[in-house]
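Worksheet for the structure shown next.
The analysis underlying the following values was restricted to heavy atoms, covering all of them including side chains, and did not include hydrogens, waters or symmetry mates. The structure displayed is predicted, hence computed values, not measured ones.
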Amino acid sequence: MGTVFDILIFVAIAAVAVTLGFGIRSLYQTGPEARSRSNKLMRLRVALQALAVVLLVVAMWWKSTHGA
């Protein structure tokens, strides 16, 4: 089961990095749509970071209780 958590954590971290990249890119674009998009992307990044932290905590709990 450890490999499943490893893959999920890697995917979550990659999603955070990609979202951060798109958010930074939209910061340098002009117009009201770009500002709104940047704001939405940064909120999505925070949510993805929270998901990654939850996955890390669950994985550590799983490994400690199941003797991995």
Side-chain angles (χ1 to χ4, degrees):
M1 192 72 163
T3 59
V4 172
F5 281 119
D6 294 340
I7 292 169
L8 287 174
I9 290 167
F10 176 76
V11 168
I13 291 172
V16 169
V18 168
T19 306
L20 177 62
F22 280 122
I24 289 173
R25 190 180 111 211
S26 68
L27 277 173
Y28 292 104
Q29 295 174 346
T30 58
E33 299 91 22
R35 174 176 251 165
S36 175
R37 187 179 325 112
S38 175
N39 196 359
K40 288 178 185 176
L41 283 168
M42 290 302 149
R43 280 188 263 155
L44 176 61
R45 179 187 53 84
V46 169
L48 288 170
Q49 281 178 323
L51 176 66
V53 169
V54 168
L55 282 171
L56 283 168
V57 169
V58 169
M60 288 189 302
W61 170 80
W62 182 269
K63 287 182 180 184
S64 70
T65 59
H66 290 82

Quick check for you: to the nearest 0.5 Å, what is the distance between L41 atom CG and L48 atom CG?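 Answer rounded to 0.5 Å: 10.0 Å.
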
Roughly how far, to the nearest 0.5 Å, is CD1 of I9 from CD1 of I13?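 One finds 7.0 Å between CD1 of I13 and CD1 of I9.
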
May I have all residue pairs that pass side chain to side chain donor-acceptor pair (under 3.5 Å) and include part of residues 44-55, sequence neighbours excluded?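 Matches after skipping sequence neighbours: R45-Q49.
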
Side chain to side chain donor-acceptor pair (under 3.5 Å) pairs, two or more places apart, involving residues 7-23: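 Listed by first then second residue: nothing to list.
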
Classify the angle between the aromatic ring planes of F5 and W62 as parallel (below 30°), tilted (30 to 60°) or perpendicular (above 60°).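 The arrangement is tilted - the two ring planes meet at 30° to 60°.
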
For residues 20-38, tabulate all N or O donor-acceptor pairs below 3.5 Å that involve a side-chain atom, not counting sequence neighbours.
residue, atom, partner, partner atom, Å
S26, OG, F22, O, 3.4
S26, OG, G23, O, 3.0
Q29, OE1, R37, NH1, 3.0

Holding to side chain to side chain contact (heavy atoms under 4.5 Å, CB included), I want the full list of residues that pass it with A52, two or more places apart in sequence or in another chain.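 Once residues adjacent in sequence are excluded, the partners of A52 under the side chain to side chain contact (heavy atoms under 4.5 Å, CB included) criterion are A12.
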
Residues which pass side chain to side chain contact (heavy atoms under 4.5 Å, CB included) with V11, listed by chain and number, not counting sequence neighbours: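 By the side chain to side chain contact (heavy atoms under 4.5 Å, CB included) rule, V11 matches I7.
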
Treat each ILVMFWY residue as a node, draw an edge where side-chain heavy atoms are under 4.5 Å apart, and state whether V53 and V4 are in one component.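 In one cluster with V53: V4, no.
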
